[in-house]
Amino acid sequence: MELRNEHQWPVEKFEAIELQKEFAQHVQILPNFDDVTLIAAVDTAYGRNADIIYASAVIYTFPEIDEVEKRFHYAEVKFPYTPGLLYFREGPAILAALEKLETTPDLIIVNGHGIADYNRCGLASMVGIAFDIPTIGCARKLIAGNHREITPQKGSSQPLFLKDREVGLAYRTKDNVKPLFISPGHRCDIKFAKEMVVQNLRGYRMPEPLRFAHQAANKYKRHIEKKYQNKTIYIKE
DNA sequence: GCGACAG
DNA sequence: ATCTTGTCGC
């Protein structure tokens, strides 16, 4: 895949916020009627000291969810974990893994929030803008917004509001299991995001592509750590 | 001002 | 996110 919006990686928080607000201007929330055949999912894993980040980018067919292509990338972590600025910590590795994909998916599911973010531009939105491709944010915890209580039954959901705006939803993917927070990232809307996530559930809390991408990132991490045990990992630019 | 705070 | 085994519950 090819980046559509290149930029420097900020070192200071205020610079990151400036870039995030600029990207937020480009976020498109609109109905998506495209036929979805290929779905990509990205996720990351960290080394023990949280100094190295490992990212996976995997493409699956939909609705079969058969693996089509799988790429990875690891890098030194250079930005501190800061709620609201996750993109600046994980973005370098995630974008690099996605750039290695030879196939272009119809949409990308990201482990993190889309517009359910204080600046309406979470990790999923930032990734979507970077490649100008439809993205969906899927998070296990809420960072911004509120919603009414949802029942314990699978399928129960409530809209997620942030400053009077509906930005996504809380969705129960399994009975008696904590809900998932879904929000559009870029070039799609809440309805599309919800439908896609629901149609990709296969009995677990997380949609299958993301669940697999998560496992893939961890396997990749173990592989690299084993390969370089006792040695100093050399990371090229 | 205080609390909350994706991975 | 990561450090970690068993264990309670559907």
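Order of the sequence lines fixes the chain letters, A, B, ..., with proteins taken first and strands second; residue numbering starts at 1 for each chain.
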For A/Y220 and A/F72, take the angle between the two ring planes, folded into 0 to 90°, and tell me which bin it lands in: parallel under 30, tilted 30 to 60, perpendicular over 60.
parallel
Here the pair of heavy atoms bringing A/I133 nearest to A/P105 is CD1-O, 3.3 Å
Residues sharing A/F62's hydrophobic cluster, by side-chain heavy-atom contacts under 4.5 Å among ILVMFWY, directly or via others?
A/V36, A/I39, A/L107, A/I109, A/I136, A/L169, A/Y171, A/L180, A/I182, A/I190, A/F192, A/M196, A/V197, A/V198, A/L201, A/M206, A/L210
Counting any heavy atom closer than 4.0 Å, what does A/K221 reach on the DNA or RNA strands: base, sugar-phosphate only, or nothing?
sugar-phosphate
Have a look at A/G137 and say if it touches a base, only the backbone sugar-phosphate, or nothing, with a 4.0 Å heavy-atom cut-off.
nothing
At under 4.0 Å between heavy atoms, what does A/N146 touch on the DNA or RNA strands: base, sugar-phosphate, or nothing?
nothing
Side-chain donor or acceptor of A/N32 paired with backbone N/O of A/R187 under 3.5 Å:
yes
What stems show up for DNA chain C when you take Watson-Crick pairs (N1-N3 plus N6-O4 or O6-N4) and G-U wobbles (N1-O2, O6-N3), both under 3.5 Å, and require three or more consecutive pairs?
none
Below 4.0 angstrom, which residues in residues 110-135 of chain A have at least one non-hydrogen atom near DNA chain B?
A/N111, A/G112, A/H113, A/D117, A/G122, A/L123
Would A/I52 and A/I224 satisfy side chain to side chain contact (heavy atoms under 4.5 Å, CB included), going step by step from the backbone distance to the final call?
CA-CA 11 Å; A/I52 305 282; A/I224 297 297; over 6 Å; no
Please confirm whether the shortest side-chain N or O distance from A/N218 to OP1 or OP2 of C/dT2 is below 4.0 Å.
yes
A/E64, CD: over 12 other non-hydrogen atoms inside 6.0 angstrom:
yes
Run A/V127 and A/L95 through side chain to side chain contact (heavy atoms under 4.5 Å, CB included) and show every step you take.
CA-CA 7 Å; A/V127 171; A/L95 264 49; 4.2 Å; yes
Without swapping roles, check the side chain of A/E69 against the backbone of A/T103 for a donor-acceptor pair under 3.5 Å.
yes
Counting only non-hydrogen atoms, which of residues 203-217 of chain A are less than 4.0 Å from DNA chain B?
none
Do other residues, nucleotides or ligands put more than 12 heavy atoms under 6.0 Å from the CG atom of A/N5?
yes
Summary of salt bridge (charged side-chain N to carboxylate O under 4.0 Å, His left out) pairs that have at least one residue in residues 94-109 of chain A, sequence neighbours excluded:
A/R71-A/E102
Near DNA chain B, which residues from residues 85-98 of chain A have a heavy atom under 4.0 Å away?
A/L85, A/L86, A/R89, A/E90
List, by chain and then residue number, the residues other than A/F161 in its hydrophobic cluster (Ile/Leu/Val/Met/Phe/Trp/Tyr, side-chain heavy atoms under 4.5 Å); write none if there are no others.
none
If you count heavy atoms of other groups shown closer than 6.0 angstrom to NZ of A/K221, is the number above 12?
yes
Would you please test A/I94 and A/L123 for side chain to side chain contact (heavy atoms under 4.5 Å, CB included) and show each step?
CA-CA 10 Å; A/I94 290 176; A/L123 178 61; 4.2 Å; yes
Is a side-chain donor or acceptor of A/Y118 paired with a backbone partner of A/L162 at a separation under 3.5 angstrom?
no
Protein heavy-atom contacts under 4.0 Å, written 5' to 3' over nucleotides 4-10 of chain C as B (base), S (sugar-phosphate only) or - (none), form the string S------
Under 4.0 Å between any heavy atoms, over every strand shown, what does A/L142 touch: base, sugar-phosphate, or nothing? Just pick one.
sugar-phosphate
Where does the chain A footprint on DNA chain B start and end, counting 5' to 3' with a 4.0 Å heavy-atom cut-off?
B/dC5 to B/dG7
For residues 199-210 of chain A, which residue pairs qualify under salt bridge (charged side-chain N to carboxylate O under 4.0 Å, His left out), counting only residues two or more places apart or in two chains?
A/E208-A/R211
Ignoring hydrogens, what is the shortest heavy-atom contact between A/G185 and A/I115? Give both atom names and the distance.
O-CG2, 4.2 Å
Would you please classify the geometry between the A/H7 ring and the A/F23 ring as parallel, tilted or perpendicular, with 30° and 60° separating the classes?
perpendicular
Validation row: A/V42, A/E90 side chains within 4.5 angstrom (heavy atoms)
no
Shortest non-hydrogen pair, A/S125 vs A/P184, comes out as OG-O, 4.1 Å
Stems field, DNA chain B, Watson-Crick or wobble, 3.5 Å, at least 3 pairs, by first number, holds none
Other than A/I65, which residues form its hydrophobic cluster under the rule that side-chain heavy atoms must be closer than 4.5 Å?
A/V58, A/Y60, A/F212
